[in-house]
Amino acid sequence: MKEKKQYYLHTFGCQMNAHDSEKMAGILKGEGYERAGNPEEADLIIYNTCSIRQKAEQKFYSHLGRVNVIKRKRPDIKIVVAGCIAQQEGKNLFNGRPYLDALIGPRNISKLSSLLDSPFPVTALEENNIFESNKIAVERNGRVKALINIMYGCNNYCSYCIVPYTRGREKSRSLNKILSEATALAEDGYKEVTLLGQNVNSYRGECSFPELLKHLDKIPGLERIRFITSHPKDFNDELIDAVTETGKVCEHIHLPLQSGSSRILNLMNRKYTYSEYLDKVNRLCKSIPHLSITTDIITGFPSETSDDHQATVKALKEIEFDGIFAFKYSPRPNTAASAMNTQVDEDIKSERLAEILAVQDVITEAKNKELQGKTVELLIEESGGSVCIGRTRTNKIVTISSYKKPLIEGTVLNAEITRSLKHSLEGSVL
Ligand code: 5AD
Ligand code: SF4
């Protein structure tokens, strides 16, 4: 019999969710819980869910059979659904699932301990009750890199996207809270911070986002600063200047394009045309040498024609991204695009996705090859046993194949790229 109560926490979805789970783990640690290795051993099971696409939802639903079995054997355990599906579905989730005990939305995480003390079933799905992580020790997943919220929610209402409905309206966190969290992380030995927001360029705390980067750049001990995600409509020259002027902000930008067709971009409510996007990318590349750019692409958005799709293929070839995340369009509840009567066949979405991925594969491989023989700066992220992994400032993972001295996690060093494979790089420490 274990002395402490055990929790099992399974996270789906984005970095925002990963960080929310770190906060929940911090709260549970404060309540005297320990992390369990599997759900069968736990007194409390939490699923932190994602509803961005139907496939992400299905992953969660496919776990429920197992928890139902566990609960039948041990009726005293508690099962909580957190995150975006909890917020989206609300109490409907309880229908036909008597084994679920509690629902907690992304804006209510701070209520986790009081929720667990309430009579079940119980929900915490209210709006605008943002958790402030300076109040509770966050139980972080690593010791080298850390996630920091700079804002919550989203006001953009891209017509395909569920996030404004699950994470609510945009709210910036105060500059002081962000700076004190980053300073404490640096004092604890963290070398890299990633600033999180659905649309970081619209940060409106006591300063603008470019100014925030300049403040963070001054924190002693931090080596690298990253941020996700940027919206192309708000990406301006002030930000480009901030990236060039700050030594710690890495030369990598994730700038979701979504489609190369301006007609589709308009239907997506993205508020930029392809040529405006291209113009920003050109300005970025001119000002920031060795910049790496990654993007998100959606295939088969309602009414997408073969010509629209080919415009996306052309965009990939023209811009030559370092990497892409591509997805089939998935209709989401409440969104404007799900109500459009021009939905594209699933087969066509799949064909287009395959073509997009094949086109990008050739580009990624060529870009990796260009790096062969080059010297890059690596932050060592893992150095367990015989495997050692570092990351370039441009966000590429390098497996270290040869080194003279043992490498310590958190060290920054130079390495030569000795081999480039289709999806990975190998390096040797100089
Ligand atoms: N269907 C497919 N992809 C989507 N994304 C967001 N909503 C949907 C959807 N309904 C993608 C976008 C976004 C990324 C996080 O997920 O490309 O940038
Ligand atoms: Fe993250 Fe969006 Fe998924 Fe919510 S729906 S977890 S915000 S990706």
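Ligands are counted one by one from 1 in listed order, and the atoms in each one are counted from 1 as well. Every value quoted in this text rests on a predicted model; they were computed, and no experiment measured them.
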### Test of proximity, R332 against ligand 1: N or O pairs below 3.5 Å
no
* To do: Using distance alone, determine whether Y329 and ligand 1 share an N or O pair under 3.5 Å.
  =>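 Y329 vs ligand 1: no N/O contact under 3.5 Å.
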SB check [X] [Y] (cutoff 4.0 Å):
X: K55; Y: E346; result: no
X: K111; Y: E126; result: yes
X: E181; Y: R173; result: yes

With atoms numbered from 1 as shown, which atoms in ligand 1 lie under 4.0 angstrom from a non-hydrogen atom of [X]?
X: Q258; value: 12 (C), 13 (C), 17 (O), 18 (O)
X: K328; value: 1 (N), 2 (C)
X: D296; value: 13 (C), 14 (C), 15 (C), 17 (O), 18 (O)
X: R53; value: 1 (N), 2 (C), 3 (N), 4 (C), 5 (N), 11 (C), 16 (O)

Once side-chain contact (heavy atoms from CB on, under 4.5 Å) is applied, do any residues pair with P121, and if so which ones, sequence neighbours excluded?
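For P121 the side-chain contact (heavy atoms from CB on, under 4.5 Å) partners, ignoring immediate neighbours, are F94.
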Practice prompt. With sequence neighbours left out, write down each residue that passes side-chain contact (heavy atoms from CB on, under 4.5 Å) with S230, or none if nothing qualifies.
Written response: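 Only V200, N201, F227, F235, L255 meet the side-chain contact (heavy atoms from CB on, under 4.5 Å) criterion with S230.
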Note: T335, heavy atoms under 4.0 Å from ligand 1, region reported as neither
**OP:** Tell me which part of Y160 gets within contact of ligand 1: side chain, backbone, both or neither, using heavy atoms under 4.0 Å.
**Re:**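 Contact part for Y160 vs ligand 1: both backbone and side chain.
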Aromatic ring proximity H63/F12, centre distance under 6.0 Å:
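Centroid distance H63-F12: below 6.0 Å, so yes.
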